[in-house]
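Notes follow the structure.
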Amino acid sequence: MHYALVRSYVAYAFKRTRPPLPCLFNIDPSNACNLRCVICRQSDPPENMKFGVMEYELFERIVTEIERSTICAGLSLFLAGEPLLNKKLPRMVALARERLDVPPQIATNGTLLTREAAESLIEAGVGSFLIDFCADQAHYESVCPPGSWERVRDNIRSLGDVIRKSDADVSVRLKNLDWRGKTGEERRQSMSALQSLFGTAPPFSYMEYKLHNWSGEFSAKAEERHAYRTSADGKKLRYNPCTHLWFMMNIHYDGKVSICCRDTMQGGVVGDVAQSSLEEIWNGPLMVRMRELMVAKKYGQIPICAHCDRVWTGGYTGGSPLRMAKIFIKGTIHRPGRERRGRHGQPHG
């Protein structure tokens, strides 16, 4: 078990409002996107919202401070937009892999993930890709305009081919974007159709798309979603303070730091890495106060958290924070005996 993750979890379990620096980071190469997905807040941004890509120099500064001040157990190079819009993304991956000794994860809509882009990112040392897709072309193109289903399908197939030929330790997780099935059998059929497109052998794995209300942006009264804090089968829901405030730092393309990875519109900004250190932001008065409110079950006083359902569901995939930690440890953390590969498919670290 990764020591940094243990420290964060102990601080969370004992509800310490000044925890160690986070071990998980989301850094946004670009908050712009080339699609207008109906489930994403990016499709209808505020009029004053600014879009851009992170400068490589700012990214290098952030990586340097993470390297100097904490242990990075997991790094995701995405947050609010499409990361492949940043032409420096391969350089960012290579720098993070070399300096932080972690294989970065990239979430992409797949439209720009050409064979050349895939080769460049794998050569740089990317660890995994997360892509939303489904087998139903009409549904996909209605949910993700102006995306081309055929183009993304071909890019995913090409990605799998590049990974196998490179012999790199890179995984691809596909989230089934077709959530319409009302019965277990309908959902299984939808997943089976998606799996038939790419197969179930490595590097591919699959997961259901669990809709979350994204900090209340798609739900005015999140608690009513759960019938007064009970689940659909009548079980009581247990309050769990949101783990993000203890485990994860989210850094936008312009250096602004938010308390939540779903804060795509920067409504919960608590600092700026261009002006303050990670420690000053992480345990500054704003973050400490928000943890106090979260522990006291007064999350409604935090504007970005007020209508979010995460404190009642345990996580995006359900379950307790302990279960989330176990999943993360099993799927992400490097353990002795598990070989990781760096550039050119050679064993890393």
Side-chain angles (χ1 to χ4, degrees), residues 2-12 14-31 49-50 52-81 83 92 95-96 99-100 102 104-105 215 241-296 298-299 301-306 308 310-311 321 328:
H2 203 291
Y3 174 65
L5 186 62
V6 172
R7 288 191 312 166
S8 294
Y9 188 78
V10 168
Y12 173 82
F14 285 92
K15 298 179 173 59
R16 295 172 183 166
T17 58
R18 294 179 182 273
L21 279 170
C23 57
L24 308 179
F25 291 85
N26 290 317
I27 303 177
D28 202 9
S30 168
N31 77 327
M49 189 67 191
K50 296 180 180 180
V53 298
M54 178 175 282
E55 297 292 336
Y56 181 79
E57 292 72 23
L58 175 59
F59 181 79
E60 187 174 27
R61 174 178 174 176
I62 295 167
V63 168
T64 298
E65 187 165 1
I66 294 173
E67 181 185 29
R68 183 174 59 239
S69 57
T70 187
I71 299 173
C72 182
L75 173 64
S76 298
L77 294 182
F78 61 90
L79 185 58
M92 293 176 168
L95 182 71
R99 299 273 293 277
L100 302 179
V102 293
Q105 181 186 39
S215 303
C242 181
T243 53
H244 288 326
L245 292 157
W246 280 263
F247 282 80
M248 183 181 294
M249 180 172 279
N250 307 284
I251 305 175
H252 290 275
Y253 84 101
D254 56 0
K256 299 292 193 305
V257 176
S258 176
I259 64 171
C260 182
C261 64
R262 292 301 190 186
D263 182 21
T264 57
M265 298 294 108
Q266 298 192 16
V269 169
V270 292
D272 187 336
V273 294
Q275 300 176 5
S276 306
S277 69
L278 299 184
E279 173 64 34
E280 289 170 336
I281 296 171
W282 186 248
N283 282 321
L286 281 175
M287 286 290 287
V288 170
R289 178 55 180 161
M290 288 181 183
R291 292 189 191 104
E292 290 173 347
L293 291 171
M294 191 65 67
V295 168
K298 296 181 180 179
Y299 68 96
Q301 295 182 31
I302 307 173
I304 195 173
C305 304
C308 184
R310 192 175 189 273
V311 294
F328 181 82

Just by modelled atom types, is the L278 backbone N or O under 3.5 Å from a matching donor or acceptor in the E65 side chain?
yes
Under 3.5 Å donor-acceptor, D263 side chain and G268 backbone:
yes
Heavy atoms of T264 and H252 approach each other most closely as O-CE1, 4.4 Å
Does V288 have any side-chain contact (heavy atoms from CB on, under 4.5 Å) partners at least two apart in sequence or in another chain, and if so, which?
T17, R18, R291, E292
Of all heavy-atom pairs linking I281 and V273, the shortest is CD1-N, 3.9 Å
Residue pair C305 / I259, side-chain heavy-atom distance below 4.5 Å:
yes
Heavy-atom nearest pair, M92 first then F59, reads O-CE2, 3.3 Å
So does K50 get a backbone contact from the side chain of N31, meaning a donor-acceptor N/O pair under 3.5 Å?
yes
Quick check: do W282 and P19 have side-chain heavy atoms less than 4.5 Å from each other?
yes
State the CE-CE distance between M294 and M287, to the nearest 0.5 angstrom.
10.0 Å
Considering all heavy atoms of both residues, which atom of V102 and which atom of C72 are nearest to each other, and what is their separation?
CG1-O, 3.1 Å
Rounded at 0.5 Å granularity, tell me how far OH in Y56 sits from CG in L95.
4.0 Å
Taking all non-hydrogen atoms of both residues, which atom of N26 and which atom of S76 are closest, and how far apart?
OD1-CB, 3.0 Å
W246 (side chain) donor-acceptor with R16 (main chain) under 3.5 angstrom
yes
Taking atom CE of M248 and atom SG of C261, what is their separation to the nearest 0.5 Å?
5.5 Å
Should we say atom CD of E55 is surrounded by more than 12 heavy atoms from elsewhere, each under 6.0 Å from it?
no
Ignoring hydrogens and geometry, is there a side-chain-to-backbone donor-acceptor pair from Y253 to L79 under 3.5 Å?
no
Hey, is the main chain of E60 close enough, under 3.5 Å, to the side chain of T64 for a donor-acceptor pair?
yes
Interatomic distance, CD1@I62 vs CG@L75, rounded to 0.5 Å, equals 10.0 Å
To the nearest 0.5 angstrom, please state how far the CD1 atom of I66 sits from the CZ atom of R99.
10.5 Å
Min side-chain heavy-atom separation R7-C23 under 4.5 Å
no
Rounded to the nearest 0.5 Å, what's the gap from CG on L5 to CG on L24? Could you check?
6.5 Å
If every non-hydrogen atom of Q266 is compared with every non-hydrogen atom of K256, which pair is closest and at what distance?
OE1-CG, 3.7 Å
Taking side chain as C-beta onward, heavy atoms only, is F25 less than 4.5 Å from T70?
yes
So, the side chain of D28 versus the backbone of A80: is there a donor-acceptor pair under 3.5 Å, distance only?
yes
